[in-house]
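Residue numbers start from 1 in every chain, and the chains themselves are labelled A, B, ... in the order their sequence lines are given, proteins ahead of strands. All values derive from a computational prediction rather than experimental measurement.
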Amino acid sequence: MKYGTTMSDSATHGEDQEQVRRVKLERISALGRDPWGQRFDGHQPIHEVRALEPQVPPKDEAGHQPPGPPARIAGRVMLRRTAGKAIFLDLRDWTGRIQIFCGKSQVGDDHWALLQEMDLGDLLGIDGTLGYTKTGELTIFATQIEFLGKSILPPPEKWHGLTDVEQRYRNRSVDLFSNQESLAAFLSRSKIIGAVRNTLGGQGFIEVETPTMQAIAGGAAARPFVTHHNTLDLTLYMRIAPELYLKRLLVGGMERVFEIARVFRNEGISTKHNPEFTMMECYQAYGDYHSMMDLTEAIFTSAIQAVDGQFVRPLNGRSVDFTPPWSRRTYSDLFLEHVGCGIDDSDSVVSKAKAKGFDTVGVAHDVLVSNLFEEYVEDALEGPVFVTDYPASLCPLTKRKTSDPKVAERFELFVQGMELANAYTELNDPILQESLFRSQLAGQKAEDSMAKMDTEFIEALKHAMPPAGGLGIGIDRMVMVLLDKPSIRDVILFPLLRPRSEGVAASGTAEVETRPEPKSEFEGM
RNA sequence: GCCCCUUUAGCUCAAUUGGCAGAGCAGCUGACUCUUAAUCAGCGGGUUGAUGGUUCGAGUCCAUCAGGGGGCACCA
């Protein structure tokens, strides 16, 4: 049997593409090759192979290309162009793409036969030499070809890739290998998180891990997910913040700590909210919220340098300048500027609220102020801007200014109306903390499972926690902003989606059962 | 939870007023040893998300359900 054997009739007509590819698996095995491959040592990232270009010798007088440096790569077949007894492939790995030339006489009959069983989407290992084709493209001229993974499902359309958003989120593996910008975003996300770690480490912070399952979900106001430990017969909550544990470490003498924490909030889903998301929280003993502002700028600066170094960045069709230092504005100044009255001017606040259609009867003055701020100010903040010095009544668990107890030492960082970071001078008075906890809990419904006093935390504070600055940065939102991605699902690899209904979800496996299994030495593995 | 939009071949998309479901890519067969989304010739591939309804006739109109997208609400 020579190469170029024809498909059996059953595989030629009326069969789906998976079945056709399963037949090819068999034939690869019949050629004595493993379609799934083995460890493949010594291959070079494609961008490193491309960097060898200066070593490619010039063509001789006859126009022949002397062999260039050897190259050994592994990658996925993205494009294939056949021209008789020559085949051009575009292979891609996670560093780039490069063209492969496979000539029948150059690779030999055995490899040529193997190439007949190759499809778009397969993983190949290639040995060859670097050179140029007639049209001048840098190309690996293959001498050895090895299957490192046969794709038995067809890849998406080669030009458009996978564009259906639902498919991109549900089928992330395919999205990543077929949409370059998707892979690029997640590689950048990793670089951003690396920069966050490096910056904090460089400033003497140590990374810690605190419980994800907590008996009391504290540190924020959000509805938690509930879970259960069987042996202890214990109701546990997925954390909504690492805050209270990190502060206990401050009491213990760990003076600068941070955690890149996955947190879980049982709330709505939107382009800015995923039920689980990543938050960096850090605490610095003997610091305050001003320390945290400087730190925030340093973190963003190093993250931007890690991505592309461009401080003026596109975002939602506009442009944002991240060159530090960023503007720092007090809450009351911004309120006066955008709402048009002082935050203490009760009559004006009420009339402004009424003008916006807010319900004002029986609503506390501070709530009206907060609503007006969200309505008038936040969306107007192009940023990056630190909004500082919040009314103390809006953030009861924050240290107040000694000069003005009505003002809390807090800032939030805004970019185009989106909150990216939140920081406080932490309250370290256990007696005040406990009474504020109690009054906060008094206003909550009994069904809110978070409405519990964290006495262990208060206990720890009683041993004295140093004055400290605390900072939280929403990592997903930070990545969205730096990469100009409109949805949080574009920066989370596997965002939460409702499971597909049975008929659709089961179709893949159901079809396998009804399909005749090709006989193969690899069957059953 | 509410409102709007959306779902057609493996993928990307068409289908006039309600009148025989179509194209490109991918696949299969053949040609071609320098292509660039290769090209050329031929062939196969569909429960139009699901279930009902209106109609002589439904991808198209109506209802319900499901998935997804966007917005609002909830929510720091």
Side-chain angles (χ1 to χ4, degrees), chain A residues 4-21 23-24 63 65 78-90 97-107 112 119-121 131-139 141 151-171 174-175 178-179 219-223 240-241 263 265-273 275 277 279 370 374 378 390 394-395 410 412-414 418-422 448 472 474 477 486-487 489 495 497-505 507-508 511:
Chain A
T5 51
T6 56
M7 279 285 162
S8 63
D9 283 346
S10 65
T12 313
H13 298 292
E15 297 280 350
D16 65 27
Q17 297 191 40
E18 178 174 348
Q19 183 54 31
V20 170
R21 286 168 179 240
V23 170
K24 290 178 181 176
Q65 169 79 61
M78 303 307 292
L79 292 174
R80 175 180 48 178
R81 298 174 287 280
T82 62
K85 296 179 177 59
I87 300 175
F88 295 87
L89 304 176
D90 276 15
R97 72 156 278 281
I98 194 161
Q99 176 169 267
I100 312 296
F101 176 90
C102 307
K104 185 186 174 191
S105 64
Q106 289 88 341
V107 300
W112 189 251
D119 286 300
L120 293 181
Y132 294 105
T133 57
K134 281 182 183 171
T135 51
E137 174 156 354
L138 189 67
T139 298
F141 291 80
S151 172
I152 58 173
L153 288 177
E157 211 254 4
K158 62 188 181 187
W159 186 241
H160 298 92
L162 200 62
T163 61
D164 181 79
V165 250
E166 178 179 358
Q167 288 305 315
R168 292 190 47 223
Y169 298 150
R170 283 192 193 281
N171 204 354
V174 176
D175 174 45
S178 60
N179 294 329
R223 201 152 306 171
I240 56 174
V263 299
R265 298 186 179 180
N266 205 341
E267 286 157 5
I269 294 176
S270 78
T271 51
K272 296 184 179 63
H273 300 80
F277 63 100
M279 183 157 72
S370 177
E374 285 172 20
E378 289 189 3
Y390 280 64
L394 294 178
C395 21
R410 173 195 190 186
E412 288 190 308
L413 171 67
F414 283 92
M418 183 156 74
E419 176 198 337
L420 291 185
N422 189 8
D448 283 344
R477 290 181 177 184
S487 170
R489 298 186 194 91
L497 296 176
R498 204 183 291 265
R500 294 290 305 189
S501 56
E502 290 167 28
V504 179
S507 65
E511 284 171 22

Protein-nucleic acid N or O pairs under 3.5 Å, nucleotides 31-34 of chain B:
from, atom 1, to, atom 2, distance (Å)
C32(B), N1, Gly84(A), N, 3.4
C32(B), N3, Gly84(A), N, 3.0
U33(B), OP2, Lys85(A), N, 3.1
U33(B), O4', Ala83(A), O, 3.3
U33(B), O4', Ala86(A), N, 3.4
U33(B), N3, Gln106(A), OE1, 3.4
U33(B), O4, Ser105(A), N, 2.9
U33(B), O4, Ser105(A), OG, 2.7
C34(B), O2, Lys134(A), N, 2.6

Contacts under 3.5 Å, N or O only, protein and nucleotides 9-11 of chain B:
from, atom 1, to, atom 2, distance (Å)
C11(B), O2', Glu157(A), N, 2.9
C11(B), O2', Gly161(A), O, 3.3

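At least one side-chain heavy atom of Val174(A) sits less than 4.5 Å from a side-chain heavy atom of Pro156(A). For the pair Leu497(A) and Arg170(A), the minimum side-chain heavy-atom distance is below 4.5 Å. Proximity of Lys104(A) to Val107(A): side-chain heavy atoms (C-beta onward) are nowhere separated by under 4.5 Å.
Look at CG on Leu138(A): it is 17 Å from P on U35(B), rounded to the nearest Å. Atom pair Asn179(A):CG and A37(B):P shows a separation of 18 Å (rounding to whole Å applied). Here the C1' atom of nucleotide C74(B) and the CD1 atom of Ile269(A) are 13 Å apart, to the nearest Å. For the pair Asp119(A) CG and A26(B) P, the computed distance is 11 Å after rounding to whole Å. The separation between Glu18(A) atom CD and C28(B) atom P is 14 Å, rounded to whole Å. Rounded to whole Å, the distance from CD on Gln19(A) to P on A26(B) is 21 Å. The distance from atom CD1 of Ile100(A) to atom P of A38(B) is 15 Å, rounded to the nearest whole Å.
If you find the closest nucleotide of RNA chain B to Val165(A) and to Glu378(A), the one lying nearer the 5' end belongs to Val165(A). Judged by closest nucleotide on RNA chain B, Pro486(A) is the one of Pro486(A) and His273(A) placed further toward the 5' end.
When each of A66(B), C28(B), A26(B) is scored by its nearest atom to the side-chain atoms of Arg498(A), the top-ranked nucleotide is A66(B). In the set A38(B), G68(B), C28(B), the nucleotide with an atom closest to the side chain of Val20(A) is C28(B). The Glu267(A) side chain lies nearest to C75(B) when the options are G69(B), C75(B), A38(B). In the set G69(B), A37(B), C28(B), G69(B) carries the atom at the smallest distance from any side-chain atom of Arg489(A).
Side-chain N/O atoms of Gln99(A) and base N/O atoms of U35(B) include a donor-acceptor pair closer than 3.5 Å.
To the nearest 0.5 Å, the span separating CG on Leu79(A) from CZ on Arg97(A) amounts to 7.5 Å. The structure places CG of Asn179(A) at 8.0 Å from OG1 of Thr163(A), a figure rounded to the nearest 0.5 Å. Of the inter-residue distances, the one linking Leu162(A) atom CG with Asp175(A) atom CG reads 6.0 Å to the nearest 0.5 angstrom.
Under the salt bridge (charged side-chain N to carboxylate O under 4.0 Å, His left out) criterion, Arg477(A) pairs with no residue at all, not counting sequence neighbours. Not a single side chain to side chain donor-acceptor pair (under 3.5 Å) links Thr82(A) to another residue, sequence neighbours left out. Residues that satisfy the ring pair (Phe, Tyr, Trp, His ring centres under 6.0 Å) test with Tyr132(A), not counting sequence neighbours, are absent from this structure. Residues passing the side chain to side chain donor-acceptor pair (under 3.5 Å) test with Ser151(A): none are found, sequence neighbours excluded. Residues forming a ring pair (Phe, Tyr, Trp, His ring centres under 6.0 Å) with Phe88(A) (at least two apart in sequence, or on another chain): Phe101(A). Not a single salt bridge (charged side-chain N to carboxylate O under 4.0 Å, His left out) links Arg265(A) to another residue, sequence neighbours left out. Under the ring pair (Phe, Tyr, Trp, His ring centres under 6.0 Å) criterion, Tyr169(A) pairs with no residue, sequence neighbours left out. Here Arg81(A) pairs with Asp90(A) under the salt bridge (charged side-chain N to carboxylate O under 4.0 Å, His left out) rule; sequence neighbours left out.
Taken together, the paired segments of RNA chain B that extend over three or more consecutive Watson-Crick or G-U pairs, each closer than 3.5 Å at both contacts, are B:1-7 with B:66-72, B:10-13 with B:22-25, B:27-31 with B:39-43, B:49-53 with B:61-65.
Distances shorter than 4.0 Å separate some side-chain N or O of Lys24(A) from OP1 or OP2 on C28(B). Between Arg81(A) and A38(B) there is a side-chain polar atom (N or O) within less than 4.0 angstrom of OP1 or OP2. One finds no side-chain N or O of Ser270(A) lying less than 4.0 angstrom from the OP1 or OP2 phosphate oxygen of C74(B). At the phosphate of G27(B), OP1 or OP2 sits under 4.0 Å from a side-chain N or O atom of Arg80(A).
G30(B) and G69(B) are spaced 44 Å apart, taking the P atom of each and rounding to whole Å. Rounded to a whole angstrom, the distance from the P atom of G49(B) to that of U16(B) is 15 Å. When the P atom is used for both A15(B) and G52(B), the distance is 28 Å, rounded to whole Å. Using atom C1' as the reference point in both A37(B) and C75(B), the two lie 46 Å apart (nearest Å). Remark: the separation of the P atoms in U60(B) and U54(B) is 15 Å, to the nearest Å. If you take atom C1' in U29(B) and the same atom in C34(B), they sit 25 Å apart, rounded to whole Å. Of the C1' atoms belonging to A9(B) and U48(B), the separation is 10 Å, rounded to the nearest Å. Nucleotides C65(B) and G57(B) place their C1' atoms 26 Å apart, quoted to the nearest Å.
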Protein-to-nucleotide contact annotation, 5' to 3' order, nucleotides 1-8 of chain B [B base; S sugar-phosphate only; - none; under 4.0 Å, heavy atom]: --------

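In this structure, the side chain of Glu267(A) does not engage the main chain of Pro275(A) through any donor-acceptor pair within 3.5 Å.
Between Arg410(A) and Glu412(A) there is a salt bridge, since at least one side-chain N of the basic residue sits less than 4.0 Å from a carboxylate O of the acidic one.
Note on Leu497(A): only backbone sugar-phosphate atoms sit closer than 4.0 angstrom, heavy atoms only; bases stay farther off.
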